[in-house]
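Take a look at the structure below.
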Number of protein chains: 2
Amino acid sequence: MKEIIIEIDFNSDEAIYMQLRNQIIMGIAVAEIQEGDSLPSVRKLSEKIGVNMHTVNKAYSVLKQEGFIKLDRRKGAVIAVSTDKLEALADMKKQLRLILARGCCRNITRNEVHELVDEIFQEYQAE
Amino acid sequence: MKEIIIEIDFNSDEAIYMQLRNQIIMGIAVAEIQEGDSLPSVRKLSEKIGVNMHTVNKAYSVLKQEGFIKLDRRKGAVIAVSTDKLEALADMKKQLRLILARGCCRNITRNEVHELVDEIFQEYQAE
DNA sequence: GCATCTGTTATATGATTGGTGTAACAAATA
DNA sequence: TATTTGTTACACCAATCATATAACAGATGC
């Protein structure tokens with residue numbers, strides 16, 4: 001089991017539990033953590049990164065609600081990604097609409113977005 | 001000058017001023033509002049959609065800060081999109097990282113993302 | 001059995017944010 | 001002159017974020 005590297009920016013305007021959630025999702029994407037792996041317990045992780053237990057618990061609850069982990073009393077928080085692709089595609093499209101609108105206003109082209117997508121996918125699909 | 005259509009969902013967990021900001025950005029992207037057009041005054045718009053003046057003012061301030069409008073005492077809030085493409089590309093990449101990570105976990109492929117991007121660009125680039 | 005660790009829940013507190021309300025000011029407009 | 005504009009300054013209430021302390025039941029290790 002690998003060690004998960006979490007970096008919290010306490011000066012960020014982004015909530016700590018959201019930073020946690022996002023970094024864990026990206027950790028799954030780059031296969032730093034894999035299906036079936038366990039995350040540290042809320043108490044261990046909270047102590048490690050210097051935040052309150054409830055803050056970590058909230059991040060885990062969101063991840064559970066969004067279908068990235070399952071909470072097991074025996075194994076703790078286990079990576080278990082739901083595979084509802086249709087819902088995931090719908091979610092992604094909704095989020096892309098705003099981001100692409102912002103880019104479109106700045107004259108970012110369709111091809112430039114495609115290039116960005118390819119660059120990021122290269123980071124993620126590296127096994 | 002066209003009438004801008006704003007729909008606020010008061011039951012949404014998204015802040016009203018953010019809904020406003022996002023809808024105005026998307027309005028610019030679909031060319032519903034164009035460079036040089038004026039947005040309604042903060043008081044007019046607040047009355048129209050039934051929110052407080054300060055809420056609209058906050059949305060306009062964010063749009064100004066992000067380089068989508070300029071506030072002029074004569075013409076009000078005028079669409080004036082900054083054209084710092086490099087910064088826009090960097091911003092977009094940062095935001096795409098999280099969204100694509102979420103999709104990558106759900107086994108969404110590179111090509112599926114490209115298709116989504118093309119679909120959305122078709123909505124936006126319609127002149 | 002016993003101590004420990006787990007997720008979970010409950011309650012409380014302080015700081016920050018979101019939204020509203022009222023009011024006032026200077027500049028621009030009609 | 002009267003009105004409208006963006007802007008600013010207060011104040012208020014509700015919700016959220018993060019913290020703190022505490023307790024509970026189930027699982028684990030000795």
Side-chain angles (χ1 to χ4, degrees), chain A residues 1 3-4 6-25 33 36-80 98, chain B residues 1 3-4 6-25 33 36-80 98:
Chain A
M1 196 194 310
E3 189 85 357
I4 304 129
I6 302 282
E7 297 276 350
I8 298 299
D9 178 5
F10 290 96
N11 295 323
S12 171
D13 56 345
E14 193 174 29
I16 297 176
Y17 79 97
M18 289 296 272
Q19 293 186 46
L20 263 170
R21 180 199 73 150
N22 293 343
Q23 291 190 32
I24 290 170
I25 290 176
I33 338 168
D37 283 354
S38 290
L39 293 172
S41 76
V42 289
R43 288 176 174 85
K44 285 269 180 60
L45 186 53
S46 70
E47 196 178 358
K48 186 177 174 185
I49 61 182
V51 300
N52 190 274
M53 185 195 74
H54 293 76
T55 305
V56 177
N57 198 352
K58 191 166 187 178
Y60 281 11
S61 296
V62 173
L63 286 167
K64 179 189 177 187
Q65 165 72 20
E66 296 182 328
F68 287 99
I69 64 176
K70 285 189 176 177
L71 297 177
D72 189 322
R73 205 173 275 276
R74 282 168 288 185
K75 301 178 184 176
V78 182
I79 306 297
L98 178 62
Chain B
M1 200 195 305
E3 189 86 354
I4 305 130
I6 303 282
E7 298 275 348
I8 298 298
D9 178 5
F10 291 96
N11 295 323
S12 170
D13 55 345
E14 192 174 31
I16 296 176
Y17 79 96
M18 289 296 272
Q19 292 185 46
L20 263 170
R21 180 199 74 148
N22 294 343
Q23 290 189 33
I24 290 170
I25 290 176
I33 338 169
D37 283 355
S38 290
L39 293 172
S41 76
V42 289
R43 289 175 174 84
K44 286 268 179 62
L45 186 53
S46 70
E47 195 179 357
K48 185 178 177 184
I49 61 182
V51 300
N52 190 274
M53 185 194 73
H54 294 5
T55 306
V56 177
N57 197 358
K58 192 166 185 176
Y60 282 12
S61 296
V62 173
L63 285 167
K64 178 187 176 188
Q65 166 72 22
E66 296 182 327
F68 287 99
I69 64 177
K70 286 190 176 176
L71 298 177
D72 189 322
R73 205 174 274 275
R74 281 167 288 184
K75 301 178 183 175
V78 181
I79 306 297
L98 178 61

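Values in this document were obtained by computation on a predicted structure and should not be read as measured data. Just so we're on the same page: letters track the sequence lines, and every chain starts at 1.
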message = Counting the atoms with a prime plus P, OP1 and OP2 as sugar-phosphate, which does A:K75 contact under 4.0 Å by heavy atoms, base, sugar-phosphate, or nothing?
response = nothing
key: Partners meeting side-chain contact (heavy atoms from CB on, under 4.5 Å) with A:D9 (sequence neighbours left out)   = A:N11, A:S12, A:Q19
request  = Assign each of A:N52 and B:Y60 to its nearest nucleotide of DNA chain D by heavy atoms, then name whichever residue's nucleotide is nearer the 5' end.
outcome  = B:Y60
request  = Looking at every strand, decide which applies to B:K70 at a 4.0 Å heavy-atom threshold: base, sugar-phosphate, or nothing.
outcome  = nothing
Terminal axis angle for the helix from C:dG7-D:dC24 to C:dC25-D:dG6, five pairs an end, nearest 10 degrees = 30°
task = Kindly state each residue pair satisfying salt bridge (Lys or Arg N to Asp or Glu O under 4.0 Å) with at least one member in residues 41-53 of chain A, sequence neighbours excluded.
result = A:E3-A:K48
inquiry  = Nearest 0.5 angstrom please: B:M18 CE to B:T55 OG1, how far?
reply    = 13.5 Å
request  = Using a 4.5 Å cut-off on heavy atoms from C-beta on, say whether the side chain of B:I79 contacts that of B:F68.
outcome  = no
key: Listed once per pair and sorted, the salt bridge (Lys or Arg N to Asp or Glu O under 4.0 Å) pairs that draw on residues 55-66 of chain A, sequence neighbours left out   = A:R21-A:E66, A:E66-B:R102
remark   = Sorted by chain and number, sequence neighbours left out, side-chain hydrogen bond (donor to acceptor under 3.5 Å, both in side chains) with A:E7 holds for none
ask   = Who are the side-chain contact (heavy atoms from CB on, under 4.5 Å) partners of B:A59, not counting sequence neighbours?
value = B:Y17, B:L20
ask   = Is any side-chain nitrogen or oxygen of A:T55 closer than 4.0 Å to OP1 or OP2 of D:dT19?
value = yes
message = Using heavy-atom distances to pick each residue's nearest nucleotide on DNA chain C, tell me which of B:V51 and A:S41 is more 5'.
response = A:S41
request  = Please round to the nearest 0.5 Å and tell me the distance separating atom CG of B:L63 and atom CD1 of B:I24.
outcome  = 5.0 Å
query = Rounded to the nearest 0.5 Å, what separation is found between the OG atom of B:S38 and the CD1 atom of B:I4?
reply = 9.0 Å
query = Can you list the residues that meet the side-chain contact (heavy atoms from CB on, under 4.5 Å) rule with B:K70, with sequence neighbours excluded?
reply = B:A80
message = Please identify the 5'-most and 3'-most nucleotides of DNA chain C with any atom under 4.0 angstrom from a heavy atom of chain B.
response = C:dG18 to C:dT29
message = Between A:D37 and A:L39, is there a side-chain heavy-atom distance shorter than 4.5 Å?
response = no
request  = Let me know the distance between CD of B:E47 and P of D:dG6, rounded to the nearest Å.
outcome  = 13 Å
note = So, with a heavy-atom separation below 4.0 Å from DNA chain C, the residues of residues 7-25 of chain A are none
Distances under 3.5 Å between nitrogen or oxygen atoms of protein and nucleotides 7-15 of chain D:
residue, atom, partner, partner atom, Å
D:dT7, O4, B:R43, NH2, 3.1
D:dA9, N6, B:H54, NE2, 2.6

query = In chain order, what residues pass the side-chain hydrogen bond (donor to acceptor under 3.5 Å, both in side chains) check against A:N52, with sequence neighbours excluded?
reply = A:H54
Those residues that, when tested against A:Q65, pass side-chain hydrogen bond (donor to acceptor under 3.5 Å, both in side chains) (two or more places apart) = none
